[in-house]
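Structure, as structure tokens:
Source: prediction; values computed, not measured. Letters A, B, ... are given to chains in the order of the sequence lines, protein chains preceding strands, and every chain is numbered from 1.
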Amino acid sequence: MSTDEQKNSNNPVTEEDDSEDAGLNPPFQTPKGVHDILPVDQDFYTYIKKIVRHRCRQAGFRRISTPIFEFTEVFKRSVGEATDIVSKEMYTFEDKKGRSLTLKPESTAAICRSYIQNGMQNWPQPVELYYIEPHFRYERPQAGRYRQFFQFGFEVIGESDPSLDAQAILLAYRIYQDLGIADTLRLQINNIGDLPSRKIYADALRDYYYGKERYLSEEDKVRLVKNPLRILDSKNEDTIILNQSAPKFKDFISKESQSYHEEVLEYLTDLGINFTSNDTLVRGLDYYSQTVFEFWDEKRGGQNSVGGGGRYDGLIELLGGVPTPAIGFAMGLERVIAQMKRNKVRVPSKDDLHVFVAQLGREAKKICLPLINELRERGVKTMGALGKGAIKNQLKIADRFKAPFCILIGLTEVREGTAIIRDMTLGTQSTVKMSRVVEEVIKRIGQKNLDFYNPKDPVNE
RNA sequence: GUGUCCAUAGCUCAGUUGGUUAGAGCGCCAGAUUGUGGCUCUGGAGGUCGUGGGUUCGAAACCCAUUGGACACCCCA
């Protein structure tokens, strides 16, 4: 039989082959660069969020969420038309009325938009906000780089002072400490000056490289036009030599910026935060000015940034607000998790079961249902496989879920009004009166290990 | 956007210079053990060899395309 031939010939019966999912690995799979976050990794996210929230609240920050998409112009204007993010990494689409919208590639721009839109200049200053949100960038996936990723970040808007910069860095540093990776990271810090002096410097660099293009790589030629400061970062051998006699930013930075920077470094030293003063650190977003910083794992080749930030004093004005100074920080949770895993940091899981209820027979099942419910209400994490038959299977399941205790109720127990409590780690068990089961179980688990949910408690996810 | 490597069972991987019925370990299911998990033993299920095309008497293997993955560049979190 030549079924293959039939499939491939223009058989009139199958003219419209539904090839929606043709060529995919499994029939359906996630698009490139995005993935499911499975339970094992949820523990990491939960843990990081908990630490981040705690540290932020401690420092007076409040949480903000901006929409997943904004008008494209918000990002274009802020991040800079010529930057990689805007020129090739945005998920941009049109709505039904032809307006251009973009999935947020970062949050600072959106928060500044929100600052203006919601009149936050009338709030007590500085306005301190933090966020934990998914972001989207159309890039080739790589280690620690995905098309959807979570970012935690914070912004301090409305004041400018070296102590604020140091405080922002301290907060980031404390969070890395709590996460157990501070020792693996080193702060890189630089001051890239204010916009006017940076412009003058960029022009000076252009003048310098003009006529020397033949020594530049193709990449660096593009940089010469787009962002000459980046040439200083080049890995091209000829360029490195050329760079040695290039104009130095030191000679262009304003006195104010310089003393500002020195003051920031002093504060950091006082706070006991080690840093590398790195004058090649240039961030790729246009809105940065003055202080910029990143946290790098220097042991790993390259400059794998686990987080970074900087001052963006001109951004709010650029978006149509009154001139307002600000500083911010952001870290990618996926990169942080990777860093934690590399360094064998363990996170607690709140999902561990306390007790598994196994039952045998219809009568027993009837009793188990309210029992399970009561246990849960008392804060005991309880599971019951009410569908499964043999008690053997049920114990097996309990074992696989690593339940430390099991409650067994069969026909005998129903008749006698009792229940068996089995200690799964010791392998011992005892029979108790049905009316006492809940108390006995709680006694064994320990009151302080219980998991309470109080609907009246305002602090919930 | 550029480059390099990769794709075989749920997972980790074997599969000889192209050769007839594609294997192992772990995991899963069942039994040994009809009211007791873990350990052991026995058996079982599970594969369009990512997808499409080509070369060939014959393709998991060779070629092309495509989808996905890993890594580096670029850039960034």
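- Only the P atoms considered, B/A59 is 45 Å distant from B/C74, to the nearest whole Å.
- Among the atoms of the strands shown, base atoms are found under 4.0 Å from some heavy atom of A/Y146.
- Backbone-only contact: A/L285 has heavy atoms under 4.0 Å from sugar-phosphate atoms and none from a base.
- Across all strands, A/E413 comes closer than 4.0 Å to base atoms (heavy-atom distances).
- Residue A/Q429 is classed as a base contact, given a heavy-atom separation below 4.0 Å to a base.
- Summarising the geometry of A/A419 relative to A/E413, their closest heavy-atom pair is CA-CG, 4.0 Å, with the distance given to 0.1 Å.
- When the nucleotides B/A77, B/G69, B/U67 are ranked by their closest atom to the side chain of A/P141, B/G69 comes out on top.
- The phosphate of B/U36 has neither OP1 nor OP2 within less than 4.0 Å of any side-chain N or O from A/N393.
- A salt bridge links A/D165 to A/R311: one of the charged nitrogens lies within less than 4.0 Å of a carboxylate oxygen.
- Atom NZ in A/K32 sits about 18 Å away from atom P in B/G50, given to the nearest Å.
- Mapping A/I85 and A/L426 onto RNA chain B by nearest heavy atom places A/L426 closer to the 5' end of the strand.
- Checking each of A/E155, A/Q151, A/H135 against A/S107 for a side-chain hydrogen bond (donor to acceptor under 3.5 Å, both in side chains) leaves exactly one that passes, namely A/H135.
- Using atom P as the reference point in both B/C63 and B/C26, the two lie 35 Å apart (nearest Å).
- Under a 4.0 Å N-O distance rule, the pair A/R444/A/E440 qualifies as a salt bridge.
- Annotation: B/U21 and B/U66 have their C1' atoms spaced 31 Å apart (nearest Å).
- When heavy atoms are screened at a 4.0 angstrom cut-off, A/T428 is found touching no nucleic acid atom at all.
- Taking only distance into account, the side chain of A/R422 meets the base of B/G37 through a donor-acceptor pair shorter than 3.5 Å.
- As rounded to whole Å, 11 Å separates atom P of B/C28 from atom CD1 of A/I397.
- Nucleotides B/G18 and B/G58, compared at atom C1', are 8 Å apart to the nearest Å.
- A/G308 comes within 4.0 angstrom of the backbone, heavy atoms only, and of no base.
- Among the protein residues, A/A143 comes within range of the sugar-phosphate backbone only, with heavy atoms under 4.0 Å from sugar or phosphate atoms but none that close to a base.
- For B/U17 and B/A60, the C1' atoms lie 16 Å apart once the distance is rounded to whole Å.
- Within 3.5 Å, a donor on the side chain of A/R140 pairs with an acceptor on the base of B/G3, or the reverse.
- Here A/G33 lies in heavy-atom contact (under 4.0 Å) with sugar-phosphate atoms only.
- Looking at residues two or more places apart in sequence or on another chain, you find a salt bridge (Lys or Arg N to Asp or Glu O under 4.0 Å) between A/E70 and A/R113.
- Nucleic acid contact for A/I420: base, since at least one base atom lies under 4.0 Å from a heavy atom of the residue.
- In summary, A/D352 and A/K381 do not engage in a salt bridge, as defined by a charged side-chain N under 4.0 Å from a carboxylate O.
- When distances are taken from the side chain of A/R137 to each of B/A77, B/C74, B/G37, the shortest belongs to B/A77.
- Nearest nucleotide to the A/R400 side chain, out of B/C29, B/G37, B/A77: B/C29.
- When heavy atoms are screened at a 4.0 angstrom cut-off, A/V336 is found touching no nucleic acid atom at all.
- Between the side chain of A/R145 and the base of B/C75, a donor-acceptor pair under 3.5 Å is found.
- Put simply, NZ on A/K396 is 12 Å from P on B/A32, counting in whole angstrom units.
- Helical stems in RNA chain B, defined as runs of 3 or more consecutive Watson-Crick or G-U wobble pairs with donor-acceptor distances under 3.5 Å: B:1-7 with B:67-73, B:10-13 with B:23-26, B:28-32 with B:40-44, B:50-54 with B:62-66.
- With sequence neighbours excluded, no residue forms a side chain to side chain donor-acceptor pair (under 3.5 Å) with A/D279.
- As rounded to whole Å, 17 Å separates atom C1' of B/A77 from atom CE of A/M90.
- Judged by distance alone with a 3.5 Å cut-off, a donor-acceptor contact links the side chain of A/E139 to the base of B/A77.
- As rounded to whole Å, 16 Å separates atom C1' of B/G37 from atom CD1 of A/I407.
- Classification of A/D399 and A/K396 as a salt-bridged pair fails, no side-chain N sitting under 4.0 Å from a carboxylate O.
- Between B/G15 and B/U8, the two P atoms lie 14 Å apart (nearest whole Å).
- Contact record, A/I64 with A/Y131: O-CB, 3.4 Å, taken as the closest heavy-atom pair.
- Of the candidate nucleotides B/U33, B/C75, B/U67, B/U67 has the atom lying nearest to any side-chain atom of A/Q29.
- For the pair A/K88 NZ and B/C75 P, the interatomic distance rounds to 8 Å; values are reported in whole Å.
- A side-chain donor from one of A/E133 and A/S65 sits under 3.5 Å from a side-chain acceptor of the other.
- Here the P atom of nucleotide B/G68 and the CD atom of A/Q142 are 17 Å apart, to the nearest Å.
- Looking at the side chain of A/D399, the nearest of the listed nucleotides B/G37, B/G1, B/G68 is B/G37.
- Atom P of B/A22 sits at a distance of 31 Å from the matching atom of B/C5, rounded to the whole Å.
- Residues A/R147 and A/I409 each lie close to RNA chain B; by heavy-atom proximity, the contact nearer the 5' end of the strand is made by A/I409.
- At whole-Å resolution of the value, CG in A/L38 and P in B/G10 are 16 Å apart.
- Rounded to whole Å, the P atom of B/G38 lies 14 Å from the corresponding atom of B/U33.
- Aromatic rings from A/F356 and A/F401 are positioned such that their centres are separated by 6.0 Å or more.
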